[in-house]
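If you're wondering where the values come from, they're calculated on a predicted model, not measured in any experiment. Start at 1 and go down the list; that is how both ligands and their atoms are numbered.
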Amino acid sequence: MQKERTFVMIKPDGVQRGFIGDIISRFERKGIKIIGMKMVSVDKKLAEKHYGVHRGKPFFEPTVKYITSSPVVAMVLEGINAIEMVRGMMGKTNPQEAQLGTIRGDFGQFIGRNIIHGSDGKETAEFEINLWFKPEEISKYTKIDETWLTE
Ligand code: IDP
Ligand code: MG
């Protein structure tokens with residue numbers, strides 16, 4: 001089983017509404033390893049690069065405005081199948097459609113305020129980790145639960 005890295009961001013509404021602890025706690029309880037974490041006041045340039053694939057869509061400008069409106073918490077997470085696992089824990093893009101028990105399903109109401117971002121595939125994860133983190137901001141370490149997570 002291959003370990004994967006993924007980029008996760010607690011968006012401004014998640015920070016403002018006090019969900020940093022709960023969200024991080026969910027990843028910790030699932031056994032996902034945090035290997036990078038920082039608070040960032042996102043500028044327009046970074047936001048536009050991050051959402052570059054959505055340029056030209058009607059929600060592009062509002063989404064850039066949303067994630068530059070107040071600090072976010074950026075993370076690099078590592079684990080087996082981490083990209084898909086984190087997407088599952090986040091729930092569907094629209095919190096109205098996200099299952100209860102997921103982060104968006106439990107905390108959100110509106111697609112334009114959906115609390116969290118997570119990379120949607122291997123290439124996106126690599127692009128986003130490199131965009132948000134310098135190599136020296138990512139920690140390599142052994143966590144004591146690692147031998148208990150797999151056979
Ligand atoms: P994702 O975050 O689940 O990967 P994407 O389709 O990649 O969803 O959209 C990126 C972000 O743009 C969403 O998380 C949300 O913040 C915003 N967004 C997407 N679609 C809409 C929309 O129809 N209205 C408002 N905001 C949207
Ligand atoms: Mg996406």
*His117 to ligand 1: N or O pair under 3.5 Å?*
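Between His117 and ligand 1 (N or O atoms, distance only) the closest approach is not under 3.5 Å.
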Please determine if [X] and [Y] form a salt bridge, counting it only when a charged side-chain N lies under 4.0 Å from a carboxylate O.
X      : Y      : value
Lys122 : Glu126 : no
Lys143 : Asp145 : yes
Asp106 : Arg26  : yes
Glu146 : Lys33  : yes

_Only heavy atoms of Arg104, strictly under 4.0 Å: list the atoms of ligand 1 that pass._
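Near Arg104, the atoms of ligand 1 are 1 (P), 2 (O), 3 (O), 14 (O).
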*Which residue from Asn94, Ile115, Thr93 reaches closest to atom 8 (O) of ligand 1 through any of its heavy atoms?*
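When every heavy atom of Asn94, Ile115, Thr93 is considered, Thr93 comes closest to atom 8 (O) of ligand 1.
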Heavy-atom distances under 4.0 Å are what count here, so tell me which part of [X] touches ligand 1: side chain, backbone, both or neither.
X     : result
Lys57 : neither
Arg87 : side chain
His50 : neither

Which protein heavy atom lies closest to [atom], and at what distance to 0.1 Å?
atom                    : result
atom 26 (N) of ligand 1 : Phe59 CB, 3.7 Å
atom 13 (C) of ligand 1 : Asn114 ND2, 3.6 Å
atom 17 (C) of ligand 1 : Thr63 OG1, 3.5 Å
atom 7 (O) of ligand 1  : His54 NE2, 2.8 Å
atom 24 (N) of ligand 1 : Ile111 CG2, 3.4 Å
atom 16 (O) of ligand 1 : Lys11 NZ, 3.0 Å

*Around Glu97, counting heavy atoms of other residues, nucleotides and ligands shown, do more than 12 lie under 6.0 Å from its CD?*
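It does: Glu97 CD has more than 12 such atoms within range.
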*Might you confirm whether atom CD of Gln2 has over 12 heavy atoms from other residues, nucleotides or ligands at distances under 6.0 Å?*
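Atom CD in Gln2 is not crowded, with 12 or fewer foreign heavy atoms closer than 6.0 Å.
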_Against ligand 1, does Tyr51 come closer than 4.0 Å with any heavy atom?_
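Tyr51 counts as a contact of ligand 1 under the 4.0 Å cut-off.
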*Donor-acceptor pair, Arg5 side chain versus Val76 backbone, under 3.5 Å?*
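Between the backbone of Val76 and the side chain of Arg5 there is no qualifying donor-acceptor contact (under 3.5 Å).
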*So which of Ile116, Asp22, Asp13 actually passes side chain to side chain contact (heavy atoms under 4.5 Å, CB included) with Phe107?*
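In the set Ile116, Asp22, Asp13, the residue that makes a side chain to side chain contact (heavy atoms under 4.5 Å, CB included) with Phe107 is Asp22.
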_Could you check whether Lys38 makes a cation-pi contact with Phe133, meaning its NZ or CZ is under 6.0 Å from the centre of the six-membered ring and within 45° of the ring axis?_
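Yes - Lys38 lies over the ring of Phe133, closer than 6.0 Å to its centre and within 45° of its axis.
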